[in-house]
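Note on naming: letters A, B, ... go to the chains in the order of the sequence lines (proteins, then strands), and numbering restarts at 1 for each one.
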Amino acid sequence: DQQVKQNSPSLSVQEGRISILNCDYTNSMFDYFLWYKKYPAEGPTFLISISSIKDKNEDGRFTVFLNKSAKHLSLHIVPSQPGDSAVYFCAATFFGGATNKLIFGTGTLLAVQP
Amino acid sequence: DAMVIQNPRYQVTQFGKPVTLSCSQTLNHNVMYWYQQKSSQAPKLLFHYYDKDFNNEADTPDNFQSRRPNTSFCFLDIRSPGLGDAAMYLCATSRDTQGVLEQYFGPGTRLTVT
């Protein structure tokens, strides 16, 4: 039972354009969401997060939007750069939970074309 | 640079032959996690240590064990690897399990079972 879903295995965008990566979740108890970025041969690195009390969080070129009623979040990258080409994982958890357990999606491979 | 280190990066073992994967961290974090990621799947938490307290996920097979002899090191032992255990194994750390939810990942060990 996949509680966090990233339905697009891959996405290709042109340099300078917007990249939009989507993530859906099924457990309404999740209250904290994170995006991780992974380059080949490296571990995932934290990118940006959002609490369920917010609907938007921005950090430079990266913005995460949360729609709780739709159980949907998205990561926007503007403008996209070739160095953004990587696998992006969405993860969800329970803030204040006992274990800080992250539930990951399967990832979306973003390719930014020069 | 403070980091999470995993050795070896690639490990080949024979069916049924015990294998140990190693993780070390220079972040001085309290919590260390082990994730299993099979091809095209989401990383899945196997267990974690909070200091010396071991916390097993309910669906982690008994074949998987872990040791944490000190703050810096954590080992994943697979007692009798099967073909289905071939995967990327990711080690991660976090400062705590409460309030600080970002996890720092190592580059992973890719395990092949022949």
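Linking ILVMFWY side-chain heavy atoms closer than 4.5 Å, directly or via other members, places A:F89 and B:Y35 in a single hydrophobic cluster. The hydrophobic clustering, which links ILVMFWY residues whose side-chain heavy atoms are closer than 4.5 Å, places B:L46 and B:L83 together. Cluster annotation: B:V19 is connected to B:W34 through the hydrophobic network of ILVMFWY side chains, with a link wherever side-chain heavy atoms come within less than 4.5 Å. A continuous path of ILVMFWY side-chain contacts below 4.5 Å connects B:F64 to B:L111, so both sit in one hydrophobic cluster. A chain of hydrophobic side-chain contacts below 4.5 Å, direct or via other Ile, Leu, Val, Met, Phe, Trp or Tyr residues, connects A:V4 to A:W35.
Going from atom NZ of A:K101 over to atom NE2 of B:H48 covers 10.5 Å, rounded to the nearest 0.5 Å.
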Check against side-chain contact (heavy atoms from CB on, under 4.5 Å), B:Q41 and A:F104: CA-CA 9 Å; B:Q41 295 185 20; A:F104 282 92; over 6 Å; no
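Under a cut-off of 6.0 angstrom, the local environment of NZ in A:K5 is sparse, with at most 12 non-hydrogen atoms contributed by other residues, nucleotides or ligands. In the displayed structure, B:D62 atom CG is contacted under 6.0 Å by at most 12 heavy atoms of other residues, nucleotides or ligands.
Between B:F105 and A:P44, the shortest heavy-atom distance links the atoms CB-O, 3.3 Å. Nearest approach of B:A42 to A:G105, heavy atoms of both residues: CB-O, 3.1 Å.
Heavy atoms closer than 4.5 Å to chain A are found nowhere in B:Q6, neither backbone nor side chain. Heavy-atom distances place no part of A:I103 under 4.5 Å from chain B, backbone and side chain included. When heavy atoms are compared at a cutoff of 4.5 Å, B:R110 does not approach chain A at all. There is no contact between A:Q6 and chain B, counting heavy-atom distances below 4.5 Å.
Here B:G106 is the residue among B:C91, B:G106, B:G108 with the most heavy-atom pairs under 4.5 Å with chain A.
Taking the ring-ring contact (aromatic ring centres under 6.0 Å, His included) definition, one finds that A:F33 meets it with A:Y25, sequence neighbours left out.
Residue-level contacts of residues 106-113 of chain A with chain B, in order of numbering, are A:T106; threshold 4.5 Å between heavy atoms. Within residues 7-23 of chain A, no residue has any heavy atom closer than 4.5 Å to a heavy atom of chain B.
Looking only at side-chain heavy atoms (C-beta outward), A:T45 and B:Y104 stay at 4.5 Å or farther from each other.
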Can I get a per-line list of side-chain donor-acceptor pairs under 3.5 Å for residues 36-43 of chain A, giving both atom names and the distance, sequence neighbours left out?
residue	atom	partner	partner atom	Å
A:Y36	OH	B:Q103	N	2.8
A:Y36	OH	B:Q103	O	3.0
A:K37	NZ	A:Y39	OH	2.8
A:K38	NZ	A:E42	O	3.0
A:Y39	OH	A:G83	O	2.6

